[in-house]
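Reviewing the structure listed below.
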Amino acid sequence: MSATASEALRDVEAFVFDVFGTTVDWHGNITRTLAEYGKGTNEDWDTFAKEWRKGYFTHARAVAESGEGNTNMDVVHRQVLDSMLESQRWKHLASLWDETKRRELVLAWHRSDGWPDATRGLYALKEKKIVIALSNGNMRFLIDVAKHADLPWDAVLSVDLFGTCKPNPRVYQGALQYLELAPEKCAMVAAHMWDLEAASKHGMKTVYIPRPTDDTGIRDKVKTKAEGGQVDVLVDSFEVLGNLA
């Protein structure tokens with residue numbers, strides 16, 4: 001597999017990484033924070049976190065499909081949180097979190113920890129290739145996450161720059177324009193098949209990395225093109241990717 005994978009990546013000059021779920025573990029940090037802010041309660045914070053995340057994804061997908069809408073992750077996270085706290089399922093928590101606490105909960109997403117292999121893998125890859133973040137996160141969010149998790153990006157490309165969200169084509173086309181590279185010289189790295197499928201439509205190479213928080217139900221079924229699947233390369237860590245490139 002290594003020889004085939006190395007061949008698939010031979011001409012790649014830039015690796016373009018998704019951030020949330022792929023590079024950082026959004027779930028671990030936010031569930032710990034929710035538990036801290038919900039001391040004295042007996043809540044299913046795992047379910048709360050997943051519903052909050054799903055609410056954001058629903059909004060981002062709507063923006064991607066329409067080509068317009070609010071791309072600021074912080075604003076949308078707050079809107080989703082407020083909506084959840086008005087719902088029948090979670091309204092009993094509304095009085096627990098005032099304006100200050102709700103603002104702090106939104107900013108807690110900025111402290112997402114990198115996966116154990118992320119920092120070492122990125123530093124190794126950066127010695128040989130360009131490493132870029134391409135994320136639905138807003139710019140300040142991505143800067144804060146990079147500093148918190150020690151992610152050595154050469155550049156950060158937020159959808160703030162493109163006025164829409166992934167998987168809208170403008171995001172991938174815009175990234176290619178900023179990089180000034182042919183699509184086949186760029187590889188999209190993600191833990192989400194929808195992200196890779198969209199990047200592939202624009203000629204980018206695709207690298208899939210399964211993560212426990214994302215692509216539930218399909219991540220164990222993903223195969224490389226050499227195996228009759230959809231992606232160019234399948235790796236289980238950034239460190240492995242660094243060795244292949």
Side-chain angles (χ1 to χ4, degrees), residues 13-37 45 49 52-53 56-57 59-60 70-81 99-163 165-166 171-172 174-175 178-179 186-192 195 207 209 211-214 235 237-242 245:
E13 296 180 21
F15 287 84
V16 181
F17 289 81
D18 172 66
V19 177
F20 239 36
T22 301
T23 307
V24 301
D25 170 17
W26 61 268
H27 182 265
N29 170 67
I30 204 64
T31 51
R32 289 192 301 271
T33 304
L34 287 166
E36 178 186 344
Y37 277 64
W45 297 121
W52 197 358
R53 175 78 165 140
Y56 169 77
F57 259 119
H59 172 88
N70 198 325
T71 62
N72 188 298
M73 181 178 278
D74 290 337
V75 171
V76 179
H77 272 155
R78 177 57 190 270
Q79 291 173 343
V80 174
L81 177 62
E99 171 65 25
T100 298
K101 284 186 171 62
R102 294 187 191 194
R103 185 165 57 249
E104 290 171 351
L105 281 169
V106 168
L107 292 177
W109 293 89
H110 292 223
R111 298 190 298 276
S112 297
D113 297 324
W115 291 111
D117 58 279
T119 297
R120 290 190 300 271
L122 287 174
Y123 271 104
L125 194 56
K126 183 183 173 76
E127 292 180 0
K128 300 173 284 186
K129 306 289 183 176
I130 297 169
V131 290
I132 302 292
L134 180 64
S135 171
N136 277 346
N138 50 293
M139 191 66 77
R140 180 56 190 265
F141 164 82
L142 293 172
I143 291 169
D144 287 347
V145 168
K147 293 180 76 66
H148 172 78
D150 191 14
L151 307 175
W153 306 121
D154 289 308
V156 171
L157 298 181
S158 162
V159 292
D160 289 347
L161 299 169
F162 311 117
C165 291
K166 294 188 295 180
V171 178
Y172 306 94
Y178 276 115
L179 287 168
C186 300
M188 186 76 209
V189 184
H192 315 111
D195 206 352
V207 180
I209 178 163
R211 298 297 196 189
T213 55
D214 292 83
V235 296
S237 75
F238 284 10
E239 291 169 304
V240 171
L241 179 59

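The figures here come from the full heavy-atom set of this structure, side chains too, leaving out hydrogens, waters and symmetry mates.
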- Task: For His148 and Asn29, run side-chain contact (heavy atoms from CB on, under 4.5 Å): C-alpha distance rounded to whole Å, both residues' side-chain angles, the deciding distance at 0.1 Å, then the answer.
- Result: CA-CA 12 Å; His148 172 78; Asn29 170 67; 5.9 Å; no

- Worked verdict on Arg103 versus Glu99 for salt bridge (charged side-chain N to carboxylate O under 4.0 Å, His left out): CA-CA 6 Å; Arg103 185 165 57 249; Glu99 171 65 25; 3.3 Å; yes

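Atom-to-atom distance recorded for Leu122:CG and Asp117:CG is 8.5 Å, nearest 0.5 angstrom. Of the inter-residue distances, the one linking Arg102 atom CZ with Leu107 atom CG reads 14.5 Å to the nearest 0.5 angstrom. Taken from OG1 in Thr119 to CD in Glu239, the straight-line distance is 9.5 Å, to the nearest 0.5 Å. For the atom pair OG of Ser237 and CH2 of Trp115, the computed distance is 13.0 Å after rounding to the nearest 0.5 Å.
Side-chain atoms of Asn138 come within 3.5 Å of backbone N or O of Met73 as a donor-acceptor pair. Counting only distance, with no hydrogens or angles, the side chain of His27 and the backbone of Pro212 share no donor-acceptor pair below 3.5 Å. Checked by atom type and distance alone, the side chain of Asp195 never pairs as donor or acceptor with a backbone atom of Ala190 at under 3.5 Å. Between the side chain of Thr23 and the main chain of Gly114, no donor-acceptor pair closer than 3.5 Å is present. Counting only distance, with no hydrogens or angles, the side chain of Lys166 and the backbone of Val159 share no donor-acceptor pair below 3.5 Å.
Note on ring orientation: taking the six-membered ring where Trp is involved, the planes of Trp52 and Trp109 are perpendicular (angle over 60°, cut-offs 30° and 60°). Classification of the Tyr56-His77 ring pair by plane angle, with boundaries at 30° and 60°, yields tilted.
Counting non-hydrogen atoms of other residues, nucleotides and ligands closer than 6.0 Å to CZ of Arg140 gives a total of 12 or fewer. No more than 12 heavy-atom neighbours from other residues, nucleotides or ligands sit within 6.0 angstrom of NZ on Lys101.
For the residue pair Asp74 / His110, a side-chain donor-acceptor distance below 3.5 Å is found, with atom types taken as modelled.
The shortest non-hydrogen separation linking Lys129 to Asp154 is O-OD2, 3.8 Å. In terms of heavy-atom proximity, Leu125 sits nearest to Ala245 at CD1-CB, 3.4 Å. Closest non-hydrogen pair, Arg53 versus Phe20, comes out as NH1-CD2, 2.9 Å. When all heavy atoms are compared, the tightest approach of Gly21 to Asp214 is CA-OD1, 3.3 Å. Across all non-hydrogen atoms, the minimal contact from Ala118 to Leu151 is CB-CD2, 4.4 Å. For the pair Thr22 and Ala191, the tightest heavy-atom approach, listed with the atom from each and the gap, is OG1-N, 2.8 Å.
Under the ring pair (Phe, Tyr, Trp, His ring centres under 6.0 Å) criterion, Trp153 pairs with Phe17, sequence neighbours left out. For Tyr123, the side-chain hydrogen bond (donor to acceptor under 3.5 Å, both in side chains) criterion is met by Asp150, not counting sequence neighbours.
Annotation: cation-pi geometry satisfied between Arg211 and Phe238 (NZ/CZ under 6.0 angstrom from ring centroid, within 45° of ring axis).
With a 4.5 Å cut-off on side-chain heavy atoms, Glu13 and Leu179 do not count as touching.
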